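Can you keep this structure in mind? I'll have questions shortly.
Model, not experiment: these values are computed from the prediction. So you know, we letter chains A, B, ... as the sequences are listed, proteins then strands, and number each from 1.
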Amino acid sequence: MNKKLYVGGLSYTVTDAQLQALFASHGTVESAKVVMDRETDRSRGFGFVEMSTQEEAEKAIASLNGTQHEGRSLTVNISKPREDRPARSGGGGRDRY
DNA sequence: GTTGAGCGTT
């Protein structure tokens with residue numbers, strides 16, 4: 001198990017600092033990032049947070065998952081590493097059709 | 001509005 005949290009259901013107005021502040025109320029945030037679409041520089045509506053320990057990650061999930069933020073329902077869960085997804089793992093990142 | 005990048009041609 002890791003300490004990385006996936007945070008979905010974010011408003012497009014939420015940014016990394018907002019995300020960190022939200023989770024910091026329920027544990028020690030080591031890092032937080034809202035994923036921005038690199039083509040539009042706007043939020044994709046989800047992000048990632050890393051807590052100091054798994055224990056704090058768990059309580060952050062329990063406290064924030066299913067709640068609302070900036071008018072949207074939050075989904076909080078342990079994340080999986082991006083390398084685990086076949087879409088961008090080494091061998092070809094960009095589509096070439 | 002649901003799982004993060006960019007490098008560059010293996």
Side-chain angles (χ1 to χ4, degrees):
Chain A
M1 199 64 93
N2 57 45
K3 328 177 192 62
K4 273 68 172 182
L5 305 181
Y6 162 85
V7 187
L10 294 173
S11 173
Y12 292 140
T13 63
V14 177
T15 188
D16 52 11
Q18 307 303 308
L19 187 63
Q20 180 172 342
L22 180 61
F23 279 76
S25 300
H26 298 277
T28 303
V29 178
E30 291 195 336
S31 63
K33 182 167 71 172
V34 173
V35 179
M36 309 298 280
D37 190 302
R38 73 175 182 86
E39 298 180 77
T40 65
D41 293 301
R42 287 167 204 166
S43 174
R44 283 187 168 176
F46 66 93
F48 294 88
V49 178
E50 183 176 79
M51 304 304 291
S52 186
T53 174
Q54 184 190 322
E55 176 186 303
E56 297 199 329
E58 290 178 29
K59 44 184 178 182
I61 293 170
S63 299
L64 295 170
N65 185 30
T67 65
Q68 291 199 344
H69 186 68
E70 301 294 294
R72 291 290 135 181
S73 301
L74 291 180
T75 298
V76 186
N77 200 130
I78 297 294
S79 70
K80 17 181 223 278
R82 53 181 171 79
E83 290 82 20
D84 201 48
R85 298 196 83 210
R88 292 206 180 245
S89 36
R94 193 190 209 189
D95 290 330
R96 30 176 108 70
Y97 301 101

In chain order, what residues pass the salt bridge (Lys or Arg N to Asp or Glu O under 4.0 Å) check against A:K3, with sequence neighbours excluded? none
According to a strict under-4.0 Å criterion, is A:R44 in side-chain N/O contact with OP1 or OP2 of B:dG1? no
Can you tell me, in whole Å, how much space there is between the C1' of B:dT2 and that of B:dG6? 23 Å
Cluster membership besides A:F46, Ile/Leu/Val/Met/Phe/Trp/Tyr side chains within less than 4.5 angstrom, sorted by chain and number, is A:Y6, A:V35, A:F48
Please lay out, stage by stage, how A:N65 and A:L74 fare under the test side-chain contact (heavy atoms from CB on, under 4.5 Å). CA-CA 6 Å; A:N65 185 30; A:L74 291 180; 5.9 Å; no
For atom CD1 of A:I78 and atom P of B:dT3, their distance in whole Å: 16 Å
side-chain contact (heavy atoms from CB on, under 4.5 Å), that's the test. Do A:L10 and A:V34 meet it? Break it down for me. CA-CA 9 Å; A:L10 294 173; A:V34 173; 4.2 Å; yes
May I have the distance from A:N77 (atom CG) to B:dT3 (atom P), rounded to whole angstrom? 12 Å
5'-most contact on DNA chain B (nearest-nucleotide basis), A:D37 vs A:G45, goes to A:G45
Taking only heavy atoms on the protein side, list every residue of residues 16-25 of chain A lying under 4.0 Å from any atom of DNA chain B, sorted numerically. none
Please determine whether side-chain contact (heavy atoms from CB on, under 4.5 Å) holds for the pair A:E50 and A:L5, giving the CA-CA distance in whole Å, both sets of side-chain angles, and the decisive distance to 0.1 Å. CA-CA 6 Å; A:E50 183 176 79; A:L5 305 181; over 6 Å; no
Return the value, rounded to whole Å, for the distance between atom NZ of A:K33 and atom P of B:dT3. 15 Å
In this structure, how many angstroms lie between the P atom of B:dG1 and the CZ atom of A:R72, rounded? 6 Å
Given B:dG4, B:dG6, B:dT3, identify the nucleotide with an atom nearest to the side chain of A:R38. B:dG6
So which one's nearest nucleotide on DNA chain B is more toward 5', A:L10 or A:M36? A:L10
Once you round it to whole Å, what is the distance between P of B:dT3 and CD1 of A:I61? 17 Å
Start with the C-alpha distance between A:K4 and A:I78, add both sets of side-chain angles, then the distance that settles side-chain contact (heavy atoms from CB on, under 4.5 Å), and finish with yes or no. CA-CA 6 Å; A:K4 273 68 172 182; A:I78 297 294; 5.8 Å; no
Measure from CZ on A:R82 to C1' on B:dG4 and round the result to the nearest Å. 7 Å
Atom-pair distance (CZ on A:F48; C1' on B:dA5), nearest Å: 12 Å
Kindly confirm whether the side-chain ring of A:Y6 is stacked on the base of B:dT3, judged by centres under 5.5 Å and planes under 30°. yes
Surrounding CD of A:E55 (heavy atoms of other residues, nucleotides or ligands, distance under 6.0 Å), is the total greater than 12? no
What integer distance in Å separates A:E39:CD from B:dA5:C1'? 12 Å
